[in-house]
Amino acid sequence: MTDVIQKPEAPLNFIRAIIEADLKAGKHGGKIVTRFPPEPNGYLHIGHAKSICLNFGVARDYNGQCNLRFDDTNPAKEEVEYVESIEEDARWLGADWGRNRFFASDYFEQLYGFAVRLIELGKAYVDDQSAEQIRENRGTLTAPGKDSPWRGRSAQENLDLFQRMRAGEFEEGSRVLRAKIDMASANVVMRDPTLYRIKKAHHHRTGDAWCIYPMYDFAHCLSDAIEKITHSICTLEFENNRELYDWVLDTLGFDPRPRQYEFARLNLTRTVLSKRKLIQLVSEGCVSGWDDPRMPTISGMRRRGYPPEAIRDFCERIGVARSENTVDVALLEHCVREELNRHSARRMAVLKPLQLVIENYPEDQVEEFELQNNPEDERAGTRKAPFSKVLWIERDDFRQDPPPKYFRLAPGREVRLRGAYYVTCTGFDTDAAGEVSVVRCSYDPATKGGWSQDGRKIKGTIHWVSAAHAVKAEVRLYDFLFGIENPGAEKDFKVHINPDSLEVLAGCKLEPELARAKPGERFQFERLGYFAADSRDCRPGALVFNRTATLRDTWAKIEKKG
RNA sequence: UGGGGUGUGGCCAAGCGGUAAGGCGACGGGUUUUGGUCCCGUUAUCCGAGGGUUCGAAUCCUUCCACCCCAGCCA
């Protein structure tokens, strides 16, 4: 048979459609080159992940190349800490740029040369106006701007001035290099945009070699051209800049040249993704840092326990289009659960412990039960868990007065202790405050392993940990950082921070196997959710787990409905 | 009031003149030693609105409406 199995492809979005059409038309010599161009002034977040998956995904699927290029043209805002975190996060996500890691600052000398060329062509001039004057003369959205009085300088004079700008002869803000285009353009971007400004700042890579720095619109298109990028993919807010992108490259005579395509950026419910707001959350201490597990940053999600595969799957499922969108964070959680369900080992952990005493179980007896690590994956094998007379169970799994449809433990009720025995509640003790302190039960020795020959149906199965063998841990329960759908649209988004977004549980009881958990390791705590050993704070003897996501909880839904 | 864009179910999103894919969510049901997973079913007579062309339109034309982006020496 000729059934050639096609490799599963990412869905065909409009960008891929353009690329396929270009390839079919024989453009680019058949080689697609894209780039992911972050500015190193913040940490990568889920929105960047969308761009990374798009750019690197396209390169991978069409046998092309995707460069990592730092857009570092503004020394005032950029730091090495950010370039390091960006590389780490992008790599963790699965981006592979090989040796193609570049910096716009690598091109400063070439960029300067292109600026000189523009001046020689009579297409750029040094403007002595102040920033305020330039703003005033730019006009408005409906009124044209006015030409600068310096617009008519000779190429000779411009060349001299520009060279002296570079030499550091002028103060910051005293002069800029501008493109000479059209002060009456309906597109404000085209009203003689600034190409270079003077900034006597230390650059994280070039040090003090430069005191003039190119603007984004000048540096970006040229960096693309220098790297022979074929498809320069960016977000919608740069749409108006495309005309300038084309102008610079065409004026300088690049042919063939890269083309810019814009797609809609990602918005997610219950979170903010603007760099400004994320920086604010960090700097004002609303969260513990860029990698706080509640942050939508790559490092935050990693620490929370999100697998990179899940994030990639999410980026593929949300699609790539040009319409404004706000994706329901439930889809992200779905992707995380789906991945974790298939690949994380099951463990038993009691988060809010309540003592269960099996009155008819021998005092000093200890049994070991062999439990499956993952019912979804036979190859995951098994582990042993000790069982004894005194156990910890979840407080939620016992009710003095069980509501309808509650099929966990309650006086007189029989439940299954997962993988162990059936037990029947015989009573309970309360403390001085009237709180249940101990639940008593008897077990049926004929139900070893958690099933009975008589085929008796047990509706409830609960998890447990042997009290004598339990290891202690701190567990951090995370919830959405914001309590509302679209915090970014609020005047003050910070007042909508969910006060219950973090609950720290100190006295959790885990099955002993978990004592060996490595930082970052992911588990499913049965019946509760997915948890990851904290990469910063989890140590042998001082275990700390972060809740990645809860399991879907049908009972909570039923109970809520009443 | 200028220019550039976008409008398909609660949220994403296919569709490109032949009579509305898919995913998430929600709601029912089945299986189940996780109230998890898995499985099955339901969820747009309609594509921002009106008019037109056509045997036939979400797809073409036209008018209108709504929303987003642009007036940094930020990216």
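Throughout, a chain's letter reflects where its sequence line sits, starting with A, and its residues are numbered from 1.
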Q: Just to be sure I understand the rule, does A/Ile134 reach a base, reach only the sugar-phosphate, or reach nothing, if contact means heavy atoms closer than 4.0 Å?
A: base

Q: Using a cut-off of 4.0 Å on non-hydrogen atoms, how would the nucleic acid contact of A/Glu39 be classed: base, sugar-phosphate, or nothing?
A: sugar-phosphate

Q: A/Asp127 pairs by salt bridge (Lys or Arg N to Asp or Glu O under 4.0 Å) with which of A/Arg138, A/Arg178, A/Arg197?
A: A/Arg178

Q: Relative to A/Tyr112, does A/Arg166 satisfy both conditions: NZ or CZ under 6.0 angstrom from the six-membered ring centre, and within 45 degrees of the ring's axis?
A: yes

Q: Give one of base, sugar-phosphate or nothing for A/Gln133, where a contact means two heavy atoms less than 4.0 Å apart.
A: nothing

Q: It should be established whether A/Arg527 places a side-chain nitrogen or oxygen under 4.0 Å from OP1 or OP2 of nucleotide B/G35.
A: yes

Q: Does the pair A/Asp553/A/Lys557 count as a salt bridge with the N-to-O cut at 4.0 Å?
A: no

Q: Distance check: side-chain N/O of A/Lys199 vs OP1/OP2 of B/C74, anything under 4.0 Å?
A: yes

Q: Remember a base hit wins even if backbone is also touched, and classify A/Pro375 as base, sugar-phosphate or nothing at under 4.0 Å, heavy atoms.
A: base

Q: State which of B/C74, B/G35, B/C12 makes the closest approach to the side chain of A/Ile558.
A: B/G35

Q: Base, sugar-phosphate alone, or nothing: which one does A/Lys459 contact when heavy atoms must sit under 4.0 Å apart?
A: nothing

Q: For B/G18, give the paired nucleotide (Watson-Crick: N1-N3 plus N6-O4 or O6-N4; G-U: N1-O2 and O6-N3; both under 3.5 Å), or none.
A: B/C55

Q: Just name whichever nucleotide pairs with B/U43, Watson-Crick or G-U, keeping both distances under 3.5 Å, else none.
A: B/G25

Q: Need one value for A/Glu172: base, sugar-phosphate or nothing, where a base atom within 4.0 Å counts as base even if backbone is also close, heavy atoms only.
A: nothing

Q: Could you check whether A/Arg416 makes a cation-pi contact with A/Tyr422, meaning its NZ or CZ is under 6.0 Å from the centre of the six-membered ring and within 45° of the ring axis?
A: no

Q: What's A/Thr554 touching, base or sugar-phosphate or nothing? Going by heavy atoms closer than 4.0 Å.
A: sugar-phosphate

Q: Using a 4.0 Å heavy-atom cut-off, does A/Arg135 contact any base of the nucleic acid, only the sugar-phosphate backbone, or nothing at all?
A: sugar-phosphate

Q: How would you label the contact of A/Val327 with the nucleic acid (heavy atoms, under 4.0 Å): base, sugar-phosphate, or nothing?
A: sugar-phosphate

Q: Which part of the nucleic acid does A/Asn241 contact within heavy-atom distance under 4.0 Å: base, sugar-phosphate only, or nothing?
A: base

Q: Identify whether any heavy atom of A/Lys405 sits under 4.0 Å from a base atom; if not, whether one sits that close to sugar-phosphate; answer base, sugar-phosphate or nothing.
A: base

Q: What does A/Asn240 touch in the nucleic acid at a heavy-atom separation under 4.0 angstrom: a base, only the sugar-phosphate, or nothing?
A: base

Q: Of the listed nucleotides (B/U34, B/G72, B/C69), which one gets closest to any side-chain atom of A/Met215?
A: B/G72

Q: Which of parallel (below 30°), tilted (30 to 60°) and perpendicular (above 60°) describes A/Phe387 and A/Phe369?
A: perpendicular

Q: According to a strict under-4.0 Å criterion, is A/Arg347 in side-chain N/O contact with OP1 or OP2 of B/U34?
A: no

Q: Kindly indicate whether the side chain of A/Arg346 and the base of B/U34 share any N or O donor-acceptor pair separated by less than 3.5 Å?
A: yes

Q: For B/U37, does either OP1 or OP2 sit under 4.0 Å from a side-chain N or O belonging to A/Arg342?
A: no

Q: Would you mind classifying the nucleic acid contact of A/Asp71 as base, sugar-phosphate or nothing, using non-hydrogen atoms under 4.0 angstrom?
A: sugar-phosphate

Q: Looking at B/U6, which nucleotide sits across from it as a Watson-Crick or G-U wobble partner, both distances under 3.5 angstrom, or is there none?
A: B/A66

Q: Identify whether any heavy atom of A/Val415 sits under 4.0 Å from a base atom; if not, whether one sits that close to sugar-phosphate; answer base, sugar-phosphate or nothing.
A: nothing

